[in-house]
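The structure under discussion appears below in the form of structure tokens.
Just so we're on the same page: letters track the sequence lines, and every chain starts at 1. All values derive from a computational prediction rather than experimental measurement.
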Amino acid sequence: MLTLKYIAENSEDVLKRLKKKHFDGEQLISKVLELNAERKKTQYDADSIAAEINKISKEIGSLYKQGKTSEADALKQKTIELKESIKLLEEKQNQIEATLNEILVQIPNLPHESVPEGKLAEDNHVERTGGKIPSLPADALPHWDLAKKYDIIDFETGVKITGAGFPLYKGKCAQLQRALINFFLDNARAAGYMEVQPPYVVNEASAYATGQLPDKECQMYFCQEDNLYLIPTAEVPVTNIYRGMILNENELPIKNVAYSACFRREAGSYGKDVRGLNRLHQFDKVEIVQIQLPEKSYDTLYEMVHYVEGLAEKLELPWRTLRLCGGDMSFTSALTFDIEVYSAAQQRWLEVSSVSNFESYQANRLKCRYRSSDKKIELCHTLNGSALALPRIVAALLENNQTPEGIRIPKALIPYTGFELIN
RNA sequence: GGAGAGGUGCUCGAGUGGUUGAAGAGGUACGCCUGGAAAGCGUAUAUACUCCUAAAGGGUAUCACGGGUUCGAAUCCCGUCCUCUCCGCCA
């Protein structure tokens with residue numbers, strides 16, 4: 001969330017920038033300003049009384065030591081009155097802070113100045129494209145038909161075991177997925193990321209810190225017995241490694257990569273978009289996360305985007321990078337680039353990565369800070385991106401590389417799969 | 001799952017009701033010393049909020065978390081969470 005301080009000191013700027021996200025913050029912001037003023041006043045009053053009580057308590061202590069019990073008892077009476085008034089103030093203070101917090105989590109991050117105006121996906125800017133869209137014969141098959149033809153993904157059995165959106169990968173497709181995971185992890189390691197294996201289930205505090213709670217509860221699978229959530233992305237556990245930490249400036253940037261299975265309820269998405277591998281309840285993803293100094297975070301963002309583009313390039317997939325417009329960006333992001341690959345039989349672009357700079361928005365909830373060389377403590381900037389999500393990559397690979405002999409594996413992957421053709 | 005022990009600062013560790021934000025040690029930083037280093041000596045070393053135009057300097061809170069007792073709680077009581085040990089079970 002945004003810091004109270006920033007809103008209090010820059011409310012005009014906040015309102016102006018929220019408009020780009022098509023978020024009307026007038027009411028919330030003015031409420032924040034009002035409550036903040038009240039909070040300060042209440043705190044000052046309560047603190048003054050507490051100081052008074054502390055002072056008297058010490059006096060009582062020394063009076064007792066001197067044996068002046070009657071004087072001490074008289075002072076006791078005074079603190080009883082003070083305690084009553086402080087209690088009221090404290091209750092008020094707690095309530096103000098709770099309300100303030102409720103409001104703050106409803107205010108999205110401010111978009112970076114380079115975010116294009118716009119409301120819908122059509123308003124996103126195409127930044128770069130690469131690779132070559134293959135020309136497939138007219139009878140080219142979408143990946144769900146190829147999956148059946150070669151018997152490599154069994155959607156029906158997935159339904160039997162669990163339900164829709166939980167496919168069963170078989171044979172060479174299972175191997176291909178394992179190959180992709182290793183390929184992505186190895187590339188990330190070569191780019192300086194440290195691999196971590198996080199838990200796939202997180203507690204409430206973690207889900208809250210990265211912003212899944214309180215609003216997006218219904219997107220996560222929840223284990224009621226244990227009060228734990230299945231992760232929708234490795235971003236959640238990996239970013240939470242740094243929750244509550246004060247890092248030294250020289251430890252930054254922190255670069256982590258993690259493979260994980262991801263679980264998403266995807267409540268409310270149906271239709272042709274969800275056919276085959278396009279949208280699943282469980283999928284595999286390799287995620288890169290960086291914690292960076294504020295002044296360097298945008299350089300880092302561009303570096304991460306280029307890194308992801310490089311992966312698409314190595315997999316010989318046609319790709320394009322979009323700079324998301326204000327209306328299409330996520331709640332918590334300041335600037336997001338989506339990387340899409342072209343799935344030639346479906347003839348559509350599929351999002352395979354979303355790389356974002358959250359600036360200090362996420363770090364503020366995480367309380368992830370760093371101590372600069374001049375001893376000042378500031379919030380870090382956090383960034384993350386998929387590198388990459390598997391199912392749509394698999395879909396594009398299957399469709400784009402189909403030949404009469406079978407499905408061709410891109411050269412860079414062959415050392416990982418151990419085979420050149422799915423047939 | 002059963003029984004027990006415990007959670008104190010960057011770390012270790014003292015502290016069972018009254019200047020304890022917290023002894024002591026270690027670590028770290030700076031200074032002195034040195035030709036340079038080590039050792040030694042000295043100094044410093046939490047966070048959040050808040051008061052003050054700012055600095056300087058105050059105030060409040062925080063010894064897992066939440067509540068209670070008390071004029072006063074790291075210290076007593078209750079609840080929650082977590083860790084460890086033993087037993088049982090088990091990949």
- Below 4.0 Å: OP1/OP2 of B:U47 and any side-chain N or O of A:Arg369: no

- Message: Less than 4.0 angstrom between a side-chain N/O of A:Arg371 and OP1 or OP2 of B:A46, yes or no?
- Response: no

- For A:Asp47 and B:U50, what is the distance between atoms CG and P respectively, to the nearest whole Å? 10 Å

- Task: Searching all strands shown, indicate the nucleotide that pairs with B:C52 (Watson-Crick or G-U wobble; both distances under 3.5 Å).
- Result: none

- Measure the shortest side-chain to side-chain distance between A:Leu277 and A:Trp144 over non-hydrogen atoms and say whether it is less than 4.5 angstrom. no

- Message: Tell me whether the NZ or CZ atom of A:Lys172 lies within the 45° cone about the ring axis of A:Phe419 and under 6.0 Å from its centre.
- Response: yes

- Message: Looking only at the side chain of A:Tyr44 (C-beta and beyond, no hydrogens), which of the listed nucleotides B:G59, B:U50, B:C49 gets closest?
- Response: B:U50

- Starting at the 5' end of RNA chain B, which residue's closest nucleotide do you reach first, A:Ile377 or A:Lys55? A:Ile377

- Item | Check ion pair A:Asp13-A:Arg17 (N to O, under 4.0 angstrom) | yes

- Message: I'd like the P distance from B:A39 over to B:A48, given in whole Å.
- Response: 33 Å

- Query: In the structure shown, which nucleotide is the Watson-Crick or G-U wobble counterpart of B:G79, with both distances under 3.5 Å?
  - Reply: B:C65

- Who pairs with B:G9 - Watson-Crick or G-U, where each distance is under 3.5 Å: none

- Message: Nearest whole Å is fine: how far is B:U45 C1' from A:Ile246 CD1?
- Response: 13 Å

- Message: Heavy atoms from C-beta onward define the side chain here; which of B:C71, B:A61, B:C49 lies closest to that of A:Arg39?
- Response: B:C49

- What integer number of Å spans the P atoms of B:C12 and B:G27? 15 Å

- Task: Please give the nucleotide sitting opposite B:U43 as a Watson-Crick or G-U wobble pair, both distances under 3.5 Å, or none.
- Result: B:A29

- Task: Find which nucleotide of RNA chain B each of A:Ser48 and A:Leu4 is nearest to by heavy atoms, and output the residue with the more 5' nucleotide.
- Result: A:Leu4

- Query: How far, in whole Å, is B:G42 from B:C84 if one measures between their P atoms?
  - Reply: 40 Å

- Considering only heavy side-chain atoms of A:Ile80, the closest of B:C71, B:U60, B:C51 is B:C71

- Task: Using the P atom as the reference point in each nucleotide, state the distance between B:G13 and B:G21 in Å, no decimals.
- Result: 23 Å

- Message: Partner lookup for B:A73, please. Criteria are Watson-Crick or G-U wobble with both distances under 3.5 angstrom; report none if nothing qualifies.
- Response: none

- With sugar-phosphate meaning primed atoms plus P, OP1 and OP2, does A:Lys40 contact a base, only sugar-phosphate, or nothing at under 4.0 Å between heavy atoms? sugar-phosphate

- What interatomic distance, in whole Å, is found between C1' of B:G58 and the corresponding atom of B:G67? 31 Å

- Whole Å only: how far is the CG atom of A:Leu379 from the C1' atom of B:A48? 12 Å

- Within this structure, what is the CG-to-P distance between A:Leu228 and B:C82, rounded to whole angstrom? 9 Å

- Query: If we only count heavy atoms from C-beta on, is the A:Ile107 to A:Ile29 side-chain gap below 4.5 Å?
  - Reply: yes

- So, A:Glu316 and A:Arg408, do they make that salt bridge, N to O below 4.0 Å? yes

- Message: What is the distance, to the nearest angstrom, from the NZ atom on A:Lys5 to the P atom on B:U50?
- Response: 8 Å

- Using whole Å, report how far CG of A:Asn203 lies from C1' of B:C65. 14 Å

- Which nucleotide, in any strand shown, forms a Watson-Crick or G-U wobble pair with B:C86, with both distances under 3.5 Å? B:G2

- Look at the side-chain N and O atoms of A:Asn54 and state whether any lies under 4.0 Å from the OP1 or OP2 oxygen of B:A61. yes

- Between P of B:C49 and CG of A:Asn364, the distance in whole Å: 10 Å

- Message: Just to be sure I understand the rule, does A:Leu75 reach a base, reach only the sugar-phosphate, or reach nothing, if contact means heavy atoms closer than 4.0 Å?
- Response: nothing

- Item | Sidechain N-carboxylate O distance under 4.0 Å for A:Glu195, A:Lys255 | no

- Task: Kindly state whether the ring of A:Tyr298 and the ring of A:His112 have centres lying under 6.0 angstrom apart.
- Result: yes

- When you compare B:U83 with B:G26, how far apart are their P atoms, in angstrom units rounded to a whole number? 32 Å

- Query: If the C1' atom of B:U16 is compared with that of B:C49, how far apart are they to the nearest Å?
  - Reply: 31 Å

- Considering only atom C1', compute the distance from B:U45 to B:G24 and round it to an integer number of Å. 16 Å

- Roughly, in whole Å, what's the span from NZ in A:Lys376 to P in B:U45? 18 Å

- Query: According to the Watson-Crick and G-U wobble definitions, with both distances under 3.5 Å, which nucleotide is paired to B:A14?
  - Reply: none

- Query: Can you tell me if A:Asp123 uses its side chain to pair, donor with acceptor, with the backbone of A:Leu120 under 3.5 Å?
  - Reply: yes

- Check every strand shown and say whether A:Asp73 touches a base, only sugar-phosphate, or nothing at a heavy-atom separation below 4.0 Å. nothing

- Item | Pairing partner (Watson-Crick or G-U wobble, both distances under 3.5 angstrom) of B:A37 | none

- Task: Select base, sugar-phosphate, or nothing to describe what A:Ser57 touches, counting heavy atoms under 4.0 Å on all strands.
- Result: base

